[in-house]
Protein chains: 2
Amino acid sequence: MTAMQQAYNVYEDRCPTRLVLDRLADKWALLILDRLEGEPVRFNHIRRDIKGISQKVLAQTLRKLERNGLISRTIFPTVPVTVEYALTPLGRTLTDTVSALAHWAEKNMDAIFAAQRAYDETHPV
Amino acid sequence: MTAMQQAYNVYEDRCPTRLVLDRLADKWALLILDRLEGEPVRFNHIRRDIKGISQKVLAQTLRKLERNGLISRTIFPTVPVTVEYALTPLGRTLTDTVSALAHWAEKNMDAIFAAQRAYDETHPV
DNA sequence: CTCCTTGGTATCTATTGGAAACTATCTTTC
DNA sequence: GAAAGATAGTTTCCAATAGATACCAAGGAG
């Protein structure tokens, strides 16, 4: 793509890619990004949809994704106030990969659970 | 693909896909999977390559990946003992997606760092 | 005898995650 | 007029996790 792509090494401690992975590779961020495909969604709507996420972690994760430019936050001065979250163009470039991961999990979970059972049988407590 | 694919909802609390994501969506697991593409690698070799990982977390994450059937662990009775980790066929089906994520991070980190700077300027402490 | 290697485990502390309660503002209900 | 309900969070507290460090056993090199 780029004429001169700098050769980053993901494994290096100070590699910027690592800084990006540190911030994005957690399950809540992935689930939220996946959920935001389609129309913008409100805070409590996401909270109700993604079962099991706490308000604190949702707020933290949304803030993190916003800070990294992947989602936008729009406040509507309704009563009560409405806040809509949506994917930015940058965020939209990531969702393909994210849903690929989700679909891989869905497709292979039987194999994974089988592996777990086999492991637990051969590795007693 | 499958004739009858059960309709799982990733956002549901008890969805098996969530259980899979819980186990695999962390940065160390992604880095290790990415590192294992190619030949099998020994414990301390991985540890030296992936800068900043502690022995404890490396051991834990390897055990987790092994339990989930993504990597294999082979012991060679050399002196000192040698332990080789390698991708299983199942693990190999995941590495495409994993490296897609790593490459996305590499490709877009400039945009991400720019977004961070912009956010920090408009959201003072 | 001492140091180095192998692949870990044990211990301790700092950070994070999750559950629940609380805030503030306005509308609707009783 | 008081209470409940919705909005989008913050605060507080406790449990779980992550990270740093030290330690273990077995043997080879010096």
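These numbers come from the heavy atoms of this one structure, side chains and all, not from hydrogens, waters or symmetry mates. In the text below, chain A, chain B and the rest are named by the order of the sequence lines, each starting its count at 1.
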Rounded interatomic separation in angstrom, taking NE2 from B:His123 and P from D:dG9 | 11 Å
Distance-minimising heavy-atom pair for B:Val98 and B:Leu30 = CG1-O, 3.6 Å
Heavy-atom nearest nucleotide on DNA chain D taken for A:Ala59 and for B:Gln60; more 5' hit belongs to A:Ala59
Name the closest nucleotide to the A:Lys56 side chain, picking from D:dA8, D:dA18, D:dT11.
-> D:dT11
Shortest non-hydrogen separation from A:Phe43 to A:Gln55 and the atoms involved | CZ-O, 3.9 Å
Are B:Leu58 and B:Val81 connected in a single hydrophobic cluster, I mean Ile/Leu/Val/Met/Phe/Trp/Tyr linked by side-chain heavy atoms less than 4.5 Å apart?
-> yes
Please test B:Leu24 against B:Leu70 for side chain to side chain contact (heavy atoms under 4.5 Å, CB included), starting from the C-alpha separation and ending with a verdict.
-> CA-CA 10 Å; B:Leu24 301 178; B:Leu70 298 173; 3.5 Å; yes
Note: for A:Val79 and A:Ile53 on DNA chain C, the residue whose nearest nucleotide lies more 5' is A:Ile53
Drop me the distance from A:Leu94's CG to A:Glu37's CD, to the nearest 0.5 angstrom.
-> 10.0 Å
Measure the distance from CG on B:Leu62 to P on D:dA18 and round it to the nearest whole Å.
-> 14 Å
Identify the heavy atoms of A:Tyr85 and A:Leu36 that sit nearest to each other, and give their distance.
-> O-CD2, 3.7 Å
What are the two closest heavy atoms between B:Gly69 and B:Thr88, and how far apart are they?
-> O-OG1, 2.6 Å
First and last nucleotide of DNA chain C, 5' to 3', lying under 4.0 Å from heavy atoms of chain A = C:dG17 to C:dT27
Separation of atom CG in A:Asn44 from atom P in D:dG9, rounded to whole Å = 9 Å
Taking D:dG19, D:dA18, D:dT10 as options, the one with an atom nearest any side-chain atom of B:Trp28 is D:dG19
Quickly work out the A:Asp26 CG to D:dA16 P distance and round it to whole Å.
-> 20 Å
Mind calculating the distance between CD (A:Glu66) and C1' (D:dA8) to the nearest angstrom?
-> 14 Å
For the pair made of CZ in A:Arg63 and P in D:dA8, what is the distance, rounded to whole Å?
-> 12 Å
Sugar-phosphate, base or nothing in reach of A:Arg47, heavy atoms under 4.0 Å | nothing
Tell whether A:Glu84 reaches the base of D:dA8 with its side chain through a donor-acceptor pair below 3.5 angstrom.
-> no
Whole angstrom value for the distance that separates P of D:dC24 from CD of B:Gln55 | 14 Å
Criterion side chain to side chain contact (heavy atoms under 4.5 Å, CB included) on B:Glu39 and B:Glu84, from CA distance to verdict | CA-CA 10 Å; B:Glu39 354 79 281; B:Glu84 263 187 9; over 6 Å; no
In terms of heavy-atom contacts, A:Arg35 and A:Val41 come closest through NH1-CG2, 4.0 Å
Would you mind reading off the bend of the helix from C:dC1-D:dG30 to C:dC30-D:dG1 from its two end axes, five pairs each, to 10 degrees?
-> 20°
In whole angstrom, give the distance that lies between atom CZ of A:Arg42 and atom C1' of D:dG9.
-> 14 Å
Base, sugar-phosphate, or nothing for A:Phe76, non-hydrogen atoms under 4.0 angstrom?
-> nothing
Go through the steps to decide whether A:Gln116 and B:Asn68 satisfy the test side chain to side chain contact (heavy atoms under 4.5 Å, CB included), and finish with yes or no.
-> CA-CA 5 Å; A:Gln116 285 179 10; B:Asn68 286 277; 2.7 Å; yes
